[in-house]
Enquirer: 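Have a look at the structure that comes next, please.
The basis for the numbers below is simple: all heavy atoms, side chains too, and nothing from hydrogens, waters or symmetry mates. Each ligand, and each atom within it, is numbered from 1 in the order the structure gives.
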Amino acid sequence: MRGIIEKLPYLHALGIEILWLSPIYKSPFIDNGYDIADYQAIDPLFGTMDDFDELLAKAKTLGIAIIMDLVVNHCSDQHDWFKQACTDPNCEEASYFYFRESVNGHAPNNLRANFGGCVWDKVPGHNNLYYCHFFAKEQPDLNWFNEKLRRRIYQMINWWLDKGVAGFRVDAIMSIGKDPTFPDFPQDALGDGMCACSAMNLQCNEATNRFLNEMQEQIFRPRQAFTVGEVFNLQAENLGKFIGDNGNFSTIFDFGPHEHVCGHCAYYAYEKLSVAQLREEIFKSQRAAADYGFLAPVIENHDEPRGVSCYLPPMWHNSLGAKALGTISMLLRGIPFIYQGQELGMLNTRFNSIEEFQDLQSKEEYRRCLRQGLSVSEALDVLNAHARDHARTPMPWNEGPHAGFTSGTPWMRLQQDYQQVNVKAQLADADSVLRHYQKLVSLKKDPALQTVLTYGSCTELNTPYANVIAYTRKLAMQSVVVAANFDEGCATLTLTRRGTLRLTSGQVFINENQLTLQPGSSAVLVLA
Ligand code: GLC
């Protein structure tokens, strides 16, 4: 936290207005802090509550609001509630969890946890009793059907809001809807007799929405909290329950492209997206949200590989590609999020062995690859494409030891390009990805464009090029064209009228109403 305080001026110069912190609560860190042992304590690994209060206050003076990660589908098995529940399965705290007796000597049903294995494990010390966990076994799921539990969660939320946080990023929230009878499900494509637990969540959206609505009406709305939901697999017609005037969140992340890549149950079956498919996903989300409210465009986060590596063809795994992809993402209709290092155009890391990975999910996916018959080197290739660890390497501040992140020993190896791709080098280079992101943010906030870039419609611009992504933001008489060329050749777009270039990356030319983008370039143009 001292590090974040030190870097607040950097974030301010980037132009951001909200800072989302991944979990900094007390945790045994089985899942990088998404296993919380005390919702109202800061883990000493990050600092103290005084540090947090200082961060909050200093951020405020720079106009930066802080939002916390709200992880309430589950807690840690080290949380007092769970410890008490294990000691006495008849106590009140036990009813905060899903405790079930075995069925015919087996686990209550055949759901597979998100990180592998069965969602059921035995309650320590009770041979015939199981608890449910949709993630790791150290992350027991909380029983949202229990009103007392919900009250305690709301108290905790209010406590943070009273402190002055602006709101929350709401974690794994679609997992809270469950069928408390826990029936068996038909086995899925992994062929292990089990079914991914998300199948149950998909059937229980009604319960989820009921809980979310209560939380919105009783807490978030009256407190005017800003919330961004981690919501997957939503049908377009249900979007109005999540965003907009009647939605249960301020916004939700747009995971369209990500969901397309990982529509299969194991990393080894994930798809590589073409630029055309990426474009299709982007505009599918834009069209769906248009009538309701704002989505939050993202190209990467702590659960995904780096966006440039994941979504662009190899020839654009460079600063040109990063700037063009950033341009497209940042100016869409919505509330864009920048994930640390994205603004430097960081690429995936080359991990050389399974030991270099930290994430429990990477380890499970590695085992799945081997079970599927892949060789060790093929399994590493799969992780090198899809692992969450890519986004979890230390932030590179400079070319020095540990990339200037720490004088101690970082938790994980550095991304291999840190000597070139770091904040210090990019601040010194007027043409860097970082400088481009700064310009993108300030363009979005430019008083002359702010309204159209916030509220204006977003319509795909059809071009004859398979690898061009282009759109128009439009409000009343104002039109802004945003375009990026990921093709190997030049692309020339014919616009409805002449315009003025406001921001470019790479090489861009205009001639009357013809906009020509060299390979890898992007442009933002205000039509006359
Ligand atoms: C969310 C988080 C992820 C975590 C999981 C379980 O998906 O983003 O990092 O592992 O929830 O809490």
Enquirer: Is the contact between Phe115 and ligand 1 made by the side chain, the backbone, both, or neither, using heavy atoms and a 4.0 Å cut-off?
Expert: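 Near ligand 1, Phe115 shows its side chain, while the N, CA, C and O stay back.
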Enquirer: Check Arg392 against ligand 1 and report side chain, backbone, both or neither, counting heavy atoms closer than 4.0 Å.
Expert: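 Near ligand 1, Arg392 shows its side chain, while the N, CA, C and O stay back.
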Enquirer: For atom 11 (O) of ligand 1, which protein heavy atom lies nearest, and how many Å away is it?
Expert: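 Going atom by atom, the protein heavy atom closest to atom 11 (O) of ligand 1 ends up being Asp171 OD1, 2.9 Å.
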Enquirer: So, do Tyr34 and His74 have ring centers that fall under 6.0 Å from each other?
Expert: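 That pair fails the under 6.0 Å test.
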Enquirer: Counting heavy atoms only, which part of His74 comes closer than 4.0 Å to ligand 1: side chain, backbone, both or neither?
Expert: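 It is the side chain that touches ligand 1; the backbone stays farther off.
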Enquirer: What are the atoms of ligand 1, with element, lying closer than 4.0 Å to any heavy atom of Arg388?
Expert: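 Those atoms are 3 (C), 4 (C), 9 (O), 10 (O).
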Enquirer: Do Tyr25 and Phe46 make the cut of ring centroids closer than 6.0 angstrom?
Expert: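 No - the distance between ring centres of Tyr25 and Phe46 does not fall below the 6.0 Å cut-off.
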Enquirer: Any side-chain donor paired with an acceptor under 3.5 Å for Asp43 and Ser27?
Expert: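 No, because no side-chain N or O of Asp43 sits under 3.5 Å from a partner of the opposite role on Ser27.
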Enquirer: Using a strict cut-off of 4.0 Å, indicate which atoms of ligand 1 neighbour a heavy atom of Ala172.
Expert: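 Numbered from 1, ligand 1 contributes 11 (O).
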Enquirer: For ligand 1, is Arg169 a contact, meaning one of its heavy atoms is under 4.0 Å away?
Expert: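 For ligand 1, residue contact (heavy atoms, under 4.0 Å) with Arg169 is present.
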Enquirer: Closer than 4.0 angstrom: is that true for some heavy atom of Gln361 and an atom of ligand 1?
Expert: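 False for this residue.
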Enquirer: Can you pull out the closest protein heavy atom to atom 10 (O) of ligand 1? Residue, atom name and distance to 0.1 Å, please.
Expert: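 Among all protein heavy atoms, the one nearest atom 10 (O) of ligand 1 is Asp31 OD2, 2.5 Å.
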Enquirer: Check whether any side-chain heavy atom of Pro28 sits under 4.5 Å from a side-chain heavy atom of Asp35, and report yes or no.
Expert: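 Of all side-chain heavy-atom pairs linking Asp35 with Pro28, at least one is under 4.5 Å.
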Enquirer: Identify, for atom 7 (O) of ligand 1, the protein heavy atom at the shortest distance, and state residue, atom and that distance.
Expert: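 For this ligand atom, the closest protein heavy atom is Glu230 OE2, 2.8 Å.
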Enquirer: Checking Asn114 now: which residues fulfil side-chain contact (heavy atoms from CB on, under 4.5 Å) with it, not counting sequence neighbours?
Expert: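 Per chain and number, Asn114 pairs via side-chain contact (heavy atoms from CB on, under 4.5 Å) with Phe134, Phe135, Cys197.
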Enquirer: Could you tell me which residues satisfy side-chain contact (heavy atoms from CB on, under 4.5 Å) with Glu17, sequence neighbours excluded, listed by chain and number?
Expert: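 Once residues adjacent in sequence are excluded, the partners of Glu17 under the side-chain contact (heavy atoms from CB on, under 4.5 Å) criterion are Lys445.
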Enquirer: With a 6.0 Å cut-off on ring centres, are Phe97 and His79 close enough?
Expert: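 Between His79 and Phe97, which both carry aromatic rings, the centre distance is not below 6.0 Å.
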Enquirer: Check this for me, if you would: do Arg388 and Asp31 make a salt bridge, where the nitrogen-to-carboxylate-oxygen distance has to be below 4.0 angstrom?
Expert: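 Salt bridge: yes.
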Enquirer: For atom 8 (O) of ligand 1, what is the nearest protein heavy atom, given as residue, atom name and distance?
Expert: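 I find the closest protein heavy atom is Asp303 OD2, 2.4 Å.
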